[in-house]
Amino acid sequence: MTAVQRSKERTNWKGLLVCLAIPVLVGAVSALVSRAGMERFAQVQKPPLSPPEWLFPVAWTLLYLMMGYASYVVWRSPAEKQRIDRALRWYGAQLCANFWWSPLFFSWSLYLPALGWLILMLVLVVVTLVCFWRIERRAGLLLVPYLCWLVFAGYLNAGVWLLNR
């Protein structure tokens, strides 16, 4: 085992905290930006299987933490730097797309464009998941619940659009 591999095995606590904080902060700022639209959203018709409102921040927080940990695993991987950098750029792109979905949907009530944006997010997450998986399998696995939640969010988004147009 090389010195680089041994150093990568030790937990970099500062790095881990930064990796966990980035997606949580992106989600928190996006939620703050979208807060005004939440009152209006409470009045719209929702499709069957819509979960209670309290579940969304809980689910998103867990998903953001899993996302952040996955990015940490990739960042600390002994894989080729170019592959790690490419994977983390895709991760950043999907995180940026994630940020803008809430304002589209909640603040501006642009349900159809938000659905299109969500489809873009799904593509970005699939690419990120594949890149992460190829570097470190568990990092890819950590993104699977996020991908599943986005598919469910797509159903909810489409339902809200169809019921409220």
Quiz item: Under the criterion side chain to side chain contact (heavy atoms under 4.5 Å, CB included), which of Val125, Leu62, Val151 is the partner of Tyr146?
Solution: Val125

Practice problem: Could you please spell out the steps behind the side chain to side chain contact (heavy atoms under 4.5 Å, CB included) verdict for Ile22 and Tyr64? | Solution: CA-CA 9 Å; Ile22 288 171; Tyr64 286 135; over 6 Å; no

Quiz item: Is there a donor-acceptor pair closer than 3.5 Å between any side-chain N or O of Lys46 and the backbone N or O of Val44?
Solution: yes

Quiz item: Does a sphere of radius 6.0 Å around CZ in Arg134 hold more than 12 heavy atoms from other residues, nucleotides or ligands, not counting ones at 6.0 Å or beyond?
Solution: no

Quiz item: Could you give the distance from OG (Ser50) to CG (Leu55), rounded to the nearest 0.5 Å?
Solution: 11.0 Å

Practice problem: Could you tell me which non-hydrogen atom of Ala70 sits nearest to which non-hydrogen atom of Ala139, and how far apart they are? | Solution: CB-O, 3.5 Å

Quiz item: Quick one: does Thr61's side chain have a donor or acceptor within less than 3.5 Å of a partner on Pro57's backbone?
Solution: yes

Quiz item: Is any side-chain heavy atom of Phe132 less than 4.5 Å from a side-chain heavy atom of Leu129?
Solution: no

Exercise. State yes or no: do Tyr111 and Tyr155 share one hydrophobic cluster built from I, L, V, M, F, W and Y residues joined by side-chain heavy-atom distances below 4.5 Å, directly or via other members?
Key: yes

Quiz prompt | Set of side chain to side chain donor-acceptor pair (under 3.5 Å) partners for Asp85, sequence neighbours left out | solution = Lys81

Quiz item: Cluster question for you: counting only ILVMFWY and a side-chain heavy-atom cut-off of under 4.5 Å, with indirect links fine, are Trp13 and Tyr69 together?
Solution: yes

Quiz item: Hey, quick one: are Tyr91 and Leu17 part of the same hydrophobic cluster, counting side-chain heavy atoms closer than 4.5 Å, chains of contacts allowed?
Solution: no

Exercise. List the steps, then state whether side chain to side chain contact (heavy atoms under 4.5 Å, CB included) holds for Leu143 with Met67.
Key: CA-CA 6 Å; Leu143 296 183; Met67 234 187 278; 3.7 Å; yes

Self-check item: Pi-cation contact, Trp161 with Arg165 (under 6.0 Å, within 45°)
Solution: yes

Quiz item: So how far is it from Arg35 CZ to Ser30 OG, rounded to the nearest 0.5 Å?
Solution: 12.5 Å

Self-check item: CG-CG distance between Leu104 and Leu115, expressed to the nearest 0.5 angstrom
Solution: 11.0 Å

Exercise. Work out which heavy atom in Leu118 is nearest to a heavy atom in Leu150; give both atom names and the distance.
Key: CD2-O, 3.6 Å

Quiz item: Closest approach of Leu88 and Ser71, non-hydrogen atoms and distance?
Solution: CD2-O, 4.0 Å

Quiz item: From Gln94 CD over to Leu147 CG, what is the distance, rounded to the nearest 0.5 angstrom?
Solution: 10.5 Å

Quiz item: Can you tell me if CZ on Arg83 sees more than 12 non-hydrogen neighbours from other groups inside 6.0 Å?
Solution: yes

Self-check item: Any Ser77 side-chain heavy atom under 4.5 Å of Ile84 side chain
Solution: yes

Quiz item: Is there side-chain contact between Trp108 and Pro103, with at least one heavy-atom pair below 4.5 Å?
Solution: yes

Quiz item: What distance do Phe56 atom CZ and Ser102 atom OG have between them, rounded to the nearest 0.5 Å?
Solution: 10.5 Å

Practice problem: Could you please spell out the steps behind the side chain to side chain contact (heavy atoms under 4.5 Å, CB included) verdict for Trp117 and Leu120? | Solution: CA-CA 5 Å; Trp117 196 258; Leu120 169 66; 4.0 Å; yes

Self-check item: Cluster check Leu32, Leu95: I/L/V/M/F/W/Y, side chain < 4.5 angstrom
Solution: no

Quiz item: In Å, rounded to the nearest 0.5 Å, how long is the span from CZ of Arg76 to CD1 of Ile135?
Solution: 14.5 Å

Practice problem: Identify whether Val18 and Leu65 are in the same connected component of the hydrophobic contact network (ILVMFWY, side-chain heavy atoms under 4.5 Å). | Solution: yes

Exercise. Verify whether one side chain among Asn157 and Trp101 offers a donor that lies under 3.5 Å from an acceptor in the other.
Key: yes

Exercise. Keeping the roles fixed (side chain from Tyr72, backbone from Asn12), state whether a donor-acceptor pair exists under 3.5 Å.
Key: yes

Practice problem: On the 0 to 90° scale, with breaks at 30° and 60°, tag the Phe41-Phe106 ring pair as parallel, tilted or perpendicular. | Solution: perpendicular

Quiz item: Which atoms form the tightest heavy-atom contact between Ser107 and Val33, and what is the distance?
Solution: OG-O, 3.2 Å

Practice problem: Compute the ring centroids of Phe152 and Trp149, then answer whether they are less than 6.0 Å apart. | Solution: yes

Quiz item: Is a donor on one side and an acceptor on the other found under 3.5 Å between the side chain of Thr128 and the backbone of Leu124?
Solution: yes

Quiz prompt | Evaluation steps, side chain to side chain contact (heavy atoms under 4.5 Å, CB included), between Phe105 and Val160 | solution = CA-CA 10 Å; Phe105 188 85; Val160 167; 3.9 Å; yes

Practice problem: List the atom of Val74, the atom of Ala87, and the distance in Å for their closest heavy-atom pair. | Solution: CG1-CB, 4.2 Å

Practice problem: Mind listing the closest non-hydrogen atom pair of Asn164 and Gln45 along with its distance? | Solution: ND2-O, 2.7 Å

